[in-house]
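One structure is given below, encoded as structure tokens.
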Amino acid sequence: MKKILEVRNLSKTHGHGCPKCVSSTGPDFDTNVCPHCGSIVAAHDVSFDLHEGEILGIMGESGSGKSTVVKTLFFDDKPSSGKASFHQQTQTHDLFSLNPAEQRWLRNHCFGMVYQNPNLGLNFNVSAGGNIAERLLMNDLSHYGEIRQRARELLARTEVLSNRMDESPKQFSGGMQQRVQIAKALATRPPLLFLDEVTTGLDLSVQARILDLILEIQQELKTAMIVVTHDLGVIRLLAGRTIVMKYGRVIEAGLTDQVLEDPQHAYTQRLVASAL
Ligand SMILES: Nc1ncnc2c1ncn2[C@@H]1O[C@H](COP(=O)(O)OP(=O)(O)OP(=O)(O)O)[C@@H](O)[C@H]1O
Ligand SMILES: [Mg+2]
Ligand SMILES: [Zn+2]
């Protein structure tokens, strides 16, 4: 399989930083807050590859830096240093050196994002169908009937009743809102999808159906995905490979089966044991 994304030495510090930030934070120090200057080392030296159609899991406790990684790749946040290369057919985009217009183009045409908080991913001032139409319009589809038909198909695909496509997603349940977000993210059939805690806080039965949907989409559309979660069950079900983060560092990486069956780091061992 072809590589679609290469992330190298991605780091993000919140605050001014000092020469001691990196050497005095991390798992060995049980903190991501620099004791010398108070800056937060949200991520440090994160590297990984993602191949076409592959699902990579990013696991770790709250505050470990999972969302930071995804946010920088989706241009919601600026990294402090590092490099990320996105390969699209014959082109390679150096993500962290693009100008805002180029970033917008990639977001609209090549990436999709499903946020934990539907407020961030959906516009509650327009209908569910309208949310999808907005994204189709950015992609040169402009015929009203065509857009409406495509929005209806996407909502049907994600099992949102099409007779509700004219309602605001504000009135939908949490599970339905996530489905609309997924439909919206898929509107352009992006080769790369980011999912940040997509099922967190939902009922178990709703969670299970959304996870099934994600797997079906991956198989159908061969979408590469980065799935951020603190839920080991989600990782086990979805991710072929997994990285585990703690205090901004990657402490474990490998095939998910290996990481879960033979974890090397004491922290991962405890995580796996506690989920048995
Ligand atoms: N804008 C910000 N300003 C200061 N610190 C921030 C900011 N955004 C994130 N952080 C800090 O960076 C660290 C990593 O945050 P991040 O959101 O990546 O964690 P996470 O692993 O996604 O956690 P969760 O599971 O709770 O979503 C945390 O300590 C967080 O408080
Ligand atoms: Mg997060
Ligand atoms: Zn510091």
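Every number for a ligand or one of its atoms is a count from 1 in the order of the listing.
The angle subtended at the Zn ion (ligand 3) by SG of Cys34 and SG of Cys37 is 110°, given to the nearest 10°.
Taking a 4.0 Å cut-off on heavy atoms, Ser64 registers as neighbouring ligand 1. At least one heavy atom of Glu61 sits closer than 4.0 Å to an atom of ligand 1.
Among the atoms of Gly63, some N or O lies under 3.5 angstrom from an N or O of ligand 1. Checked against a 3.5 angstrom limit, the closest N/O atoms of Gly65 and ligand 1 fall inside it.
When each of Arg179, Gln178, Gln181 is tested with Thr158 by the rule side-chain contact (heavy atoms from CB on, under 4.5 Å), just one qualifies, namely Arg179. None of Ser39, Ser81, Cys18 except one satisfies the side-chain contact (heavy atoms from CB on, under 4.5 Å) rule with Thr13; the exception is Ser39. For the side-chain contact (heavy atoms from CB on, under 4.5 Å) test with Tyr247, the passing option among Val41, Asp28, Asn32 is Asn32; the others fail.
Contact annotation: the side chain of Glu252 never approaches that of Ile243 to less than 4.5 Å [non-hydrogen atoms, C-beta and beyond]. Between Val228 and Phe194 the shortest side-chain heavy-atom distance does not fall below 4.5 Å.
Ion pairing between a basic and an acidic side chain is recognised when a charged N comes within 4.0 Å of a carboxylate O; Arg209 and Asp203 show no such pairing.
Looking at atom 8 (N) of ligand 1, its nearest protein heavy atom turns out to be His14 NE2, 3.4 Å. In this structure, the protein non-hydrogen atom closest to atom 12 (O) of ligand 1 is Ala42 CB, 3.3 Å. The protein atom (non-hydrogen) at minimum distance from atom 26 (O) of ligand 1 is Ser62 OG, 2.6 Å. Remark: minimum distance from atom 22 (O) of ligand 1 to any protein heavy atom is reached at Ser67 OG, 2.8 Å.
Distances below 4.0 Å separate heavy atoms of Ile40 from the following atoms of ligand 1: 5 (N), 11 (C), 12 (O), 29 (O). Interface of Thr68 with ligand 1, defined as ligand atoms under 4.0 Å from a residue heavy atom, comprises 14 (C), 15 (O), 16 (P), 18 (O).
For a distance bound of 2.8 Å, the N, O or S atoms of Ser67 include one lying that close to the Mg ion (ligand 2). Among the backbone and side-chain atoms of His16, none of the N, O or S atoms lies under 2.8 Å from the Zn ion (ligand 3).
Inspection of the Glu61 and His230 side chains reveals no N or O donor paired with an N or O acceptor under 3.5 Å. In the model, Thr242 has a side-chain atom that pairs as donor or acceptor with a side-chain atom of Thr256 under 3.5 Å.
In this structure, atom 4 (C) of ligand 1 has a protein heavy-atom contact shorter than 4.0 Å. Of the protein's heavy atoms, at least one falls inside 4.0 Å of atom 17 (O) of ligand 1.
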Practice task
Could you give me the CA-CA distance, side-chain angles and deciding distance for Leu136 and Thr188, then say whether side-chain contact (heavy atoms from CB on, under 4.5 Å) is met?
Solution key: CA-CA 7 Å; Leu136 292 172; Thr188 58; 5.5 Å; no

Practice task
With side chain to side chain donor-acceptor pair (under 3.5 Å) as the test, would you mind laying out the steps for Thr25 and Thr31 before giving the verdict?
Solution key: CA-CA 6 Å; Thr25 58; Thr31 183; over 6 Å; no

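The aromatic rings of His265 and Tyr267 sit perpendicular, their planes meeting at an angle over 60°, well past the 30° parallel limit.
At a 4.0 Å heavy-atom cut-off, ligand 1 touches Lys66 through backbone and side chain alike. The part of Asn32 lying near ligand 1 is the side chain, judged by heavy-atom distances below 4.0 Å.
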